[in-house]
J.: 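If you scroll down you'll find the structure; I have some questions about it.
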Amino acid sequence: MPEMSFQIRPGRDDDRLPLAVQFAAVAEERDGIASEPPVDIQARAASWTLDGTLVAVAGSEIVGSLHIERSTHGFGEIGMAVAREWRGRGVGSALLAAAIEWARERGLHKLSLSVFAHNAAAIALYRKFGFVEEGRRVKHYRRESGELWDALEMGLLL
Ligand SMILES: CC(C)(COP(=O)(O)OP(=O)(O)OC[C@H]1O[C@@H](n2cnc3c(N)ncnc32)[C@H](O)[C@@H]1OP(=O)(O)O)[C@@H](O)C(=O)NCCC(=O)NCCS
């Protein structure tokens with residue numbers, strides 16, 4: 001039986017490599033996140049900012065992560081991903097709920113993010129937690145395919 005339950009905890013040093021491996025796998029999908037292959041896994045692992053990183057773990061496996069990049073202006077910018085086989089099981093919701101709590105505890109007044117305009121799953125997740133659309137960056141991201149993708153800017157006042 002595969003592990004079905006998961007928990008959320010802060011990222012720690014020995015998460016670096018699995019976080020980078022998971023990031024590379026999501027980049028391979030060329031769909032939800034801005035990065036595309038190739039991802040330099042060792043460099044990504046070494047440069048991962050653990051402060052503001054929350055991980056979802058099932059057994060000893062990292063099944064999702066979220067990073068809040070704290071600005072000096074009171075807001076935090078979110079990036080997140082869940083392992084493909086774990087999507088639709090509440091991992092993203094649990095990570096986002098923990099991120100909102102993390103941000104409130106540290107006195108941030110707002111969380112913000114960019115999401116590709118076609119990313120229905122992510123947009124539904126963010127709306128569920130009260131994020132609202134604040135703008136659209138038209139043909140903002142040039143993909144390796146040559147396509148130009150729109151991104152929505154979303155924000156949540158805390
Ligand atoms: C976006 C992502 C993080 C969501 O994580 P998840 O663990 O699947 O999310 P959850 O299971 O908690 O679902 C949250 C909500 O999203 C919605 N949702 C989930 N999958 C969906 C889908 N395929 N289509 C539409 N809505 C969907 C549901 O409304 C769900 O709410 P509910 O629990 O009340 O039904 C995940 O799909 C992912 O990692 N995608 C690839 C990377 C990515 O796109 N990152 C975000 C970049 S901005």
Side-chain angles (χ1 to χ4, degrees), residues 1-71 75-106 108 110-133 141 143-145 149 151-156 158:
M1 268 291 275
E3 181 72 53
M4 295 299 286
S5 65
F6 62 90
Q7 58 171 356
I8 308 296
R9 61 162 173 75
R12 56 188 197 212
D13 204 50
D14 62 346
D15 295 330
R16 287 179 179 282
L17 191 57
L19 280 167
V21 167
Q22 187 188 81
F23 181 87
V26 178
E28 292 279 349
E29 296 176 35
R30 297 185 191 271
D31 185 39
I33 63 173
S35 294
E36 294 184 86
V39 171
D40 181 335
I41 289 177
Q42 295 302 333
R44 193 87 204 176
S47 67
W48 200 288
T49 307
L50 291 170
D51 182 37
T53 294
L54 299 168
V55 296
V57 289
S60 58
E61 187 196 354
I62 291 187
V63 297
S65 70
L66 181 153
H67 179 73
I68 307 161
E69 188 64 38
R70 221 164 140 175
S71 86
F75 65 87
E77 185 85 15
I78 284 182
M80 69 184 296
V82 171
R84 194 200 268 271
E85 58 279 17
W86 274 82
R87 292 180 196 157
R89 297 201 223 165
V91 175
S93 298
L95 282 166
L96 198 51
I100 291 168
E101 193 183 331
W102 186 97
R104 285 201 174 116
E105 282 169 6
R106 283 155 185 80
L108 300 187
K110 184 175 179 182
L111 288 172
S112 62
L113 56 90
S114 290
V115 56
F116 288 134
H118 66 262
N119 194 343
I123 293 167
L125 168 63
Y126 302 139
R127 286 205 176 118
K128 177 172 131 180
F129 281 86
F131 282 78
V132 296
E133 192 177 326
Y141 286 88
R143 309 296 288 169
E144 291 294 331
S145 65
W149 286 2
L152 304 183
E153 301 299 306
M154 299 186 81
L156 175 72
L158 297 173

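Heads up: numbering here begins at 1 and tracks the sequence. Bear in mind the structure is a predicted one, so any value in this text is a computation, not a measurement.
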J.: List, one per line, each side-chain donor-acceptor pair under 3.5 Å for residues 121-129, sequence neighbours excluded.
T.:
residue	atom	partner	partner atom	Å
Lys128	NZ	Ser93	OG	2.9

J.: Not counting sequence neighbours, which residues clear salt bridge (charged side-chain N to carboxylate O under 4.0 Å, His left out) with Arg44? List them please.
T.: none
J.: Can you check whether Leu50 reaches Arg16 side chain to side chain, under 4.5 Å on heavy atoms?
T.: yes
J.: Locate the shortest heavy-atom distance separating Met80 from Leu95; write the atom from each residue and the value.
T.: CE-CB, 4.2 Å
J.: Measure the CD-OG distance between Glu77 and Ser71 for me, rounded to the nearest 0.5 Å.
T.: 9.0 Å
J.: Not counting sequence neighbours, which residues clear side chain to side chain contact (heavy atoms under 4.5 Å, CB included) with Arg87? List them please.
T.: Val26, Glu29, Val82, Arg84
J.: Walk me through whether Phe131 and Leu152 qualify under side chain to side chain contact (heavy atoms under 4.5 Å, CB included).
T.: CA-CA 11 Å; Phe131 282 78; Leu152 304 183; over 6 Å; no
J.: Return the set of residues passing salt bridge (charged side-chain N to carboxylate O under 4.0 Å, His left out) with Asp14 (not counting sequence neighbours), or none when no residue passes.
T.: Arg12
J.: Test Glu28 against Val39 for side chain to side chain contact (heavy atoms under 4.5 Å, CB included), laying out the working first.
T.: CA-CA 9 Å; Glu28 292 279 349; Val39 171; over 6 Å; no
J.: Indicate yes or no: does Arg9 engage Asp15 in a salt bridge with an N to O separation below 4.0 Å.
T.: yes
J.: Pair Leu17, Gln42 - check side chain to side chain contact (heavy atoms under 4.5 Å, CB included), show working.
T.: CA-CA 7 Å; Leu17 191 57; Gln42 295 302 333; 4.1 Å; yes
J.: What closest approach, in Å, do Ile8 and Ala98 show between heavy atoms, and which atom pair accounts for it?
T.: CG2-CB, 3.8 Å
J.: If you take all heavy atoms of Ala27 and Pro37, which pair is closest and at what distance?
T.: O-CD, 3.3 Å
J.: Grab the two heavy atoms, one from Ala45 and one from Ala20, that are nearest each other, plus how far apart they are.
T.: N-CB, 3.6 Å
J.: Please give me the minimum heavy-atom distance between Ser114 and Tyr141, naming the atom from each residue.
T.: CB-OH, 4.4 Å
J.: Any idea which heavy atoms bring Val91 and Trp86 closest together, and the distance?
T.: CG2-CE3, 3.8 Å
J.: List in chain and number order the residues that pass salt bridge (charged side-chain N to carboxylate O under 4.0 Å, His left out) with Arg30, two or more places apart in sequence or in another chain; answer none if no residue qualifies.
T.: Glu36
J.: Strictly distance-based, threshold 3.5 Å: is any side-chain N or O of Arg70 a donor or acceptor partner for the main-chain N or O of Gly76?
T.: no
J.: Please set out all donor-acceptor pairs under 3.5 angstrom arising from side-chain atoms of residues 52-68, sequence neighbours excluded.
T.:
residue	atom	partner	partner atom	Å
Thr53	OG1	Trp48	NE1	3.1
Thr53	OG1	Thr49	O	2.7
Thr53	OG1	His67	ND1	2.9
His67	ND1	Thr49	O	3.3
His67	NE2	Glu69	OE1	2.9

